[in-house]
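Each ligand, and each atom within it, is numbered from 1 in the order the structure gives.
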Amino acid sequence: MEDKKKSSKEKFKKKKDKVKKEDEKEDIKIMNNTIDIDEEKEKEKGHEIKKINNADFFFSDKKFSQMKLTETTVNCLKKQGFIISTEVQEKVIPIAKKGKDIMCTAKTGSGKTLAFLIPAMEILIKTDFQQNQGVGIIIITPTRELAIQIYDVAKELLFLAHKTCGVIIGGGYRKKEAKKLIRGVNLLIATPGRLLDHLNNTEGFKCNNLCMLVIDEADAILKNGFEDELIQILKILPKDKQTMLFSATLSKKIENLGLLSLNDPVYIKLKINPEGQNNNLQNLEQEYLIIEGNLKFNFLYTFIKNNSSRKIMIFFNSCSEVQFFSYLLNYIGIKVLSISGDLKQINRETIYREFFNSEKGILLCTDVAQRGLDFPEVDWIINFDLPLSVDEYLHRVGRTARGPDSHGKSLLILLPNETDLLERIKEKNIFVKEYKFSKENLIDIQQKYELLISSNPALENLAVEAYKNYIFSYMYSKNNSKDNRQNIENIDKEKLIKSFGLKEVPYIKLKTLPDKK
Ligand code: ADP
Ligand code: MG
């Protein structure tokens, strides 16, 4: 029995090596193991880079059909409307096909998902990977929503190629997941905690034939505190596999993770131009509005009423605010969906899909929805609460106007003492114009609002919690800075509580935290 097992593993290894060798014949020049994609240089060479709607989402001049992929893959891509590769895809795919480890940094929206799904699919097809071989590809992502998003793309592609795929995420049905894993899935997408759980506890979850490991949004995985889980996972998984690491940003920590997980990797960097990620957002119209705290909710209410046929995402800094405002808005007859970190998984998944598929509607969310998630055709991204750094702002507004042919608008709502963020955004050469609006057009519901809150203890409790957590989000956020703390001290709290429908400023005991380095 053991011998039989061994020989089938060896046979498979031979098959894998043969596939790699065939691809190695392809001629690709790799200088010092690094490939830089520099738009300016490409242009100097007379290389035409087609920009779609001015977005940095630019296509390379290679079609997928010219990339020596299997016919099955090319056809599956075509059926999904993917014909021409993006720059990142054009650079990553041929090297990945050679079986090399890759560390790729490229900004959000550059097409990284297909850059790893396509080579993954190629391995499965070319090695004729079977269900009883266990799992062939593992993709690790930081959030459940991102896992589902990748799953939705992978499922469609793999279905046409008769390959199976599955997703395991914290909060999902563990037993059902285990059953599926034991049966075997060709391609598996997972969040780190749950993957580690199954690796340790699900007997019969077979990984010994693993061909490829992808770590997507590595920066967010580390930011979410999954470093230990990731290290343990790397220890458990077999060593003779190909590993690819993707990240929107590069940092010392990411480099260290690379050293730990990658073997003689090729570095592929899509140069982020000096102005940061802003060119990613050129088909996004960005606006801001400075408004007194007492008018904030009135404004939101008016905005929602005036935009009832639109698809809108509204960002808050804390789960409590999402809870309060979604309860409140639904209570007064405005249907809204909400996603925040404290929701049960099953709800998050349903809500994510519902909003994804709807043509109009409102989603209230915290930064859980911020990284890597892609909602098509969102008309408006509203920052109801100030993002606590320029990066957070960019990630939030990056949820729309992604991919070719998309358009979107964003609105940053600021209190009069929060304008330094605006300055910092403008310093990065990002154009944000003032939102045109006059106070006379506000629908004044303030009195009714306060009456509703004061006469409904459940709502009032939620309002107080929401207010407190708004203040806490400033004080204790990861981006906690002196500026943010000074801001919160300067906020006109008497006015601000009105946007929570409160009449009295709730007492909050604040601990002062040292500045984070
Ligand atoms: P990233 O992971 O780099 O942030 P994604 O892989 O999520 O970017 O891609 C961003 C958007 O671009 C998605 O809507 C995706 O469907 C679209 N897209 C990616 N590659 C292509 C392509 N080759 N042709 C057309 N659209 C693409
Ligand atoms: Mg991505």
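- Sorted by first then second residue, the side chain to side chain donor-acceptor pair (under 3.5 Å) pairs that include residues 70-79, not counting sequence neighbours, are Thr70-Thr73, Thr70-Glu122, Thr73-Glu122.
- Using a non-hydrogen distance threshold of 4.0 Å, Ser110 registers as a contact of ligand 1.
- Between Leu114 and ligand 1, no N or O atom pair is found at a separation short of 3.5 Å.
- Numbered from 1 in the order shown, with element, the atoms of ligand 1 that lie under 4.0 Å from a heavy atom of Phe64 read 23 (N).
- The line from OG1 of Thr86 to NZ of Lys62 is 13.0 Å long, rounded to the nearest 0.5 Å.
- Contacts between Phe246 and ligand 1 below 4.0 angstrom, taking non-hydrogen atoms only, are absent altogether.
- Within the 4.0 Å heavy-atom criterion, neither part of Val88 lies near ligand 1.
- In terms of polar-atom proximity, Ile83 is not counted as a contact of ligand 1, lacking any N or O under 3.5 Å from an N or O of the ligand.
- Within the listing of ligand 1, atoms 22 (C), 23 (N), 24 (N) sit less than 4.0 angstrom from a heavy atom of Ile84.
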message: For Glu177 and Arg174: C-alpha separation, side-chain torsions, deciding distance, then whether salt bridge (charged side-chain N to carboxylate O under 4.0 Å, His left out) applies.
response: CA-CA 5 Å; Glu177 287 176 0; Arg174 214 188 153 280; over 6 Å; no
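- Relative ring orientation between Phe384 and Phe316 is described as tilted, the plane-to-plane angle lying within the 30° to 60° band.
- When only interatomic distances are considered, the shortest N/O to N/O separation between Gln149 and ligand 1 does not fall below 3.5 Å.
- A donor-acceptor contact closer than 3.5 angstrom is absent between the side chains of Ser389 and Glu392.
- Legend: residues meeting side-chain hydrogen bond (donor to acceptor under 3.5 Å, both in side chains) with Gln131, ordered by chain and number and at least two apart, are absent.
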